[in-house]
Amino acid sequence: MLRGFRWQFAALLLSVILFITALALRPSETTAPPTPPPPTDAAALPTITPIPVLPTSENVLAPSALNLNQQPDHFTEALVGRVQRLNPLLANLNPVDRDLTRLIFDGLTTTNAYGEPIAALADRWVIASDNLDYVVYLRDDVRWQDGTPFTADDVVFTMELLRAPDFPGSPELGAFWRTVETQKLDTHIVRFRLAQPLGTFLDRLQIGILPVHALEGTRAADLAAHPFNITPIGTGAYQVEALRGAGGVIRAVDLRVSSIYREREPDQAFALDRISFQLFDTFDAALAALRAGEVDALHTRDRVERPPVFDAANTHDIPLYTQLEPTLGVLVYNWAQVDYFREQRVRAALAMGVDRTSALERTMLNLAVRADSPLFPGSWAYTADTRLPAYDPVGAQALLITAAERMERLPDETEAEGAGAEATEAVEPTGIAPLFTFSILTPDDPALVRLANEIATQWAQLNVRVSVESADPETYQARLESGEFQAAIVEYALGTSADPDVYAFWHEGEYPDGRNYGGVSDRAISEALERARRDPFGINRAEHYDRFQRDFTERAVALPLYYPLFTYAVAPRVQGVQLGVISAGADRFRNIAEWRID
């Protein structure tokens, strides 16, 4: 009876099969994760396998041929180096990655223009009375760039990668997070438990969070080689639109504002809908592109790069935006090895006896500005009215004579003999036996050698005989760490942190195995640093740092000399750029939502 309907049954069965197939192949309503489009020529971009750096090729497309700046509303910046991994957990290993991931990923916190921690992916937090527990309430309106909701699972997953024994990123980063417990309390609530109170913890929460749904099942050991590193999915303002290059080398990275981020932050303008980063192998090539108008912007990474950028800006009418690097150039006295450096009168007299402003103008003009504090101007912790003794060579010499008499010292001609490298220049004695004699150790950086000799010349007028020793970086560092110096010019850098914690440089417990190279031993200063490090509340920490700065300058613990300058050259057509506290080069993008092209 059913035989006559056999073709109808066959057609019905075929329709069911096609319907099920169509359902299986139907694209999701959620936006697919971004994948890099094909490069601008026939050569394919490299496949990410376990490799430390993307491979190079002799057949590389010239950067100028990329024509990134064709559109009048398109912002293009030059970066020196290579893209390796667009992953915030690994970005500290490569400055280029650090700049790009800053725009693609968010942390639980970020910093404002004064370096204070403020909420980002976090909505708020509660700190327990013992200062060990941090309960962080997450924003519930955040989605990843592929549309997936952001939850506490993402935070816990990220912290598990950081804590893993085989974490492939910075050893210091992994070591820190292994001391922190992380627990999911609810869909948007996370609890952190510290091993000891740490006032800098909110600053540590700036590290970018990874999406568990894109990396679930990935072991920490496999993170460095994961395809995610060139197809990143973040919660940040910008997402990857294209990676372009040739011969197996990425030469440009195109970003565009995430539509999901625009929905989340409707009040932010983000007039620069698309931005591109053009990658160069050398700074000279990047500078040439700036001069030729092929890129809109270039920032300096160190003191050597500033003069040519300054010259290019003057020649081509390119505006310069300048801030201080998170680095203090300071003359450190070796309290542990030279007895008279433990005498406050001697240190105060030496501070009074050098005109640091004129010394910097003669030796580091347009490279640095004078420092008056062990902390950094612009920071929330900086006390503006702390000052070293004013320049007074007459008073300085009188104080040195008094100090020498009270110490019942006789001039010792052998004290100027330093171990290691030979002196590059010595100040000749005036015929009168010097009150004090010592040497200044400096790296063989021409600017620093000039500065040390300028200081030595000024101190010679006080009847203090000073020689200058320069050494290659390895020898210089070895002598600092072993204490083989009498005085030394040291650059203390905060790294990529915006927090003003300088405990490692001046606390008495950081000698001899830490970075308190001179063996500074001052109980009041150490106590102020201890309190500032342990207290999580900014208002209390500011008081502790105020006390620290006042004691430091009053007792002339060391001689602050300069803050190096961070310089950002940006084409005049780009408006709205403002620089606040710079803890890392990527901080130049802090107000990128307000940038525009006129």
Side-chain angles (χ1 to χ4, degrees), residues 33 47-54 81-110 117 120-122 132 134 136 138 144 150-184 190-196 198 200-236 493-499 501 504 583-584 586:
T47 300
I48 298 298
T49 52
I51 51 176
V53 182
L54 295 172
R82 299 282 178 86
V83 172
Q84 293 182 10
R85 301 175 185 90
L86 299 180
N87 185 320
L89 306 195
L90 308 176
N92 275 351
L93 303 175
N94 178 23
V96 170
D97 296 343
R98 189 161 56 235
D99 285 350
L100 297 174
T101 56
R102 176 66 173 270
L103 296 168
I104 299 169
F105 293 89
D106 292 321
L108 298 182
T109 65
T110 185
L121 293 177
L132 296 177
Y134 287 67
V136 179
L138 308 177
W144 294 94
F150 162 75
T151 70
D153 292 329
D154 300 303
V155 178
V156 171
F157 173 74
T158 301
M159 299 308 158
E160 288 175 349
L161 290 175
L162 286 166
R163 280 198 303 272
D166 52 359
F167 173 63
S170 163
E172 294 79 10
L173 187 63
F176 170 75
W177 283 106
R178 281 192 286 276
T179 69
V180 180
E181 298 176 13
T182 308
Q183 179 185 7
K184 173 185 173 182
V190 179
R191 170 183 171 270
F192 295 96
R193 175 73 178 178
L194 310 187
Q196 59 184 359
L198 186 63
T200 64
F201 183 66
L202 292 176
D203 184 80
R204 303 273 189 154
L205 291 179
Q206 289 191 72
I207 191 163
I209 302 299
L210 294 177
V212 63
H213 70 278
L215 289 163
E216 192 166 13
T218 301
R219 298 179 308 152
D222 300 328
L223 193 62
H226 201 285
F228 178 89
N229 296 329
I230 58 167
T231 59
I233 303 168
T235 57
L494 289 178
T496 59
S497 173
D499 194 272
D501 181 16
S583 59

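Everything quoted here is computed from the prediction, not taken from an experiment.
For the pair Asp106 and Thr235, the tightest heavy-atom approach, listed with the atom from each and the gap, is OD2-O, 2.8 Å. Across every non-hydrogen atom of Leu223 and Pro168, the tightest pair is CB-CG, 4.3 Å. Scanning both residues, Trp144 and Asp154, for their nearest heavy atoms gives NE1-OD2, 3.1 Å. Across all their heavy atoms, Ala152 and Val190 have their closest contact at CB-CG2, 3.6 Å. The nearest pair of heavy atoms linking Leu89 to Gly208 is CD2-O, 3.6 Å. Annotation for Phe167 and Leu162: closest pair CZ-CD2, 3.7 Å, computed over non-hydrogen atoms.
Between Asp166 and Arg219, no side-chain nitrogen of the basic residue sits less than 4.0 Å from a carboxylate oxygen of the acidic one, so the salt-bridge criterion is not met.
Thr158 places a side-chain N or O within donor-acceptor distance of the main-chain N or O of Leu210, the cut-off being under 3.5 Å. For the pair Asp97 (side chain) and Gln84 (backbone), a donor-acceptor distance under 3.5 Å is present. In this structure, the side chain of Arg193 does not engage the main chain of Glu181 through any donor-acceptor pair within 3.5 Å. Under the 3.5 Å distance criterion, the side-chain polar atoms of Asn94 are matched with a main-chain donor or acceptor of Arg82.
Of the N and O atoms on the side chains of Asp203 and Ser497, at least one donor lies less than 3.5 Å from an acceptor on the other residue. Thr200 and Asp501 share no donor-acceptor pair across their side chains, judged by distance under 3.5 Å alone.
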- Begin from the C-alpha positions of Ile209 and Phe105 and carry the test side-chain contact (heavy atoms from CB on, under 4.5 Å) through to its verdict. CA-CA 7 Å; Ile209 302 299; Phe105 293 89; over 6 Å; no
- Task: Apply the test side-chain contact (heavy atoms from CB on, under 4.5 Å) to residues Leu173 and Trp177: give CA-CA distance (whole Å), side-chain angles for both, the deciding distance (0.1 Å), then the verdict.
- Result: CA-CA 6 Å; Leu173 187 63; Trp177 283 106; 3.8 Å; yes
- Task: Run the numbers on Leu121 and Leu108 for side-chain contact (heavy atoms from CB on, under 4.5 Å), then give the verdict.
- Result: CA-CA 4 Å; Leu121 293 177; Leu108 298 182; 3.9 Å; yes
- Verdict with reasoning, Glu216 to Phe157, per side-chain contact (heavy atoms from CB on, under 4.5 Å): CA-CA 8 Å; Glu216 192 166 13; Phe157 173 74; 5.5 Å; no
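Note that the CZ atom of Arg98 and the CG atom of Leu90 stand 12.5 Å from one another [nearest 0.5 Å]. To the nearest 0.5 Å, atom OG1 of residue Thr110 and atom CG of residue Leu205 are 11.5 Å apart. The line from CZ of Phe228 to CG of Asn87 is 6.0 Å long, rounded to the nearest 0.5 Å. Put simply, CG on Leu93 and OG on Ser170 are 6.5 Å apart, with the number rounded to the nearest 0.5 Å. Here the straight-line distance linking atom CZ of Arg191 with atom OH of Tyr134 works out to 13.0 Å at 0.5 Å rounding. Separating the CG atom in Leu194 from the CD atom in Gln196 is a distance of 8.5 Å, to the nearest 0.5 Å.
Considering only heavy atoms from C-beta on, Leu138 comes within 4.5 Å of Val136 through its side chain. Annotation: side chain of Phe192 is in contact with side chain of Met159 (closest heavy-atom distance under 4.5 Å). Looking only at side-chain heavy atoms (C-beta outward), Val212 and Leu215 stay at 4.5 Å or farther from each other. Using a 4.5 Å heavy-atom threshold, the side chains of Pro232 and Ile104 count as touching.
For the side chain to side chain contact (heavy atoms under 4.5 Å, CB included) test with Arg163, the passing option among Thr179, Val180, Thr182 is Thr182; the others fail.
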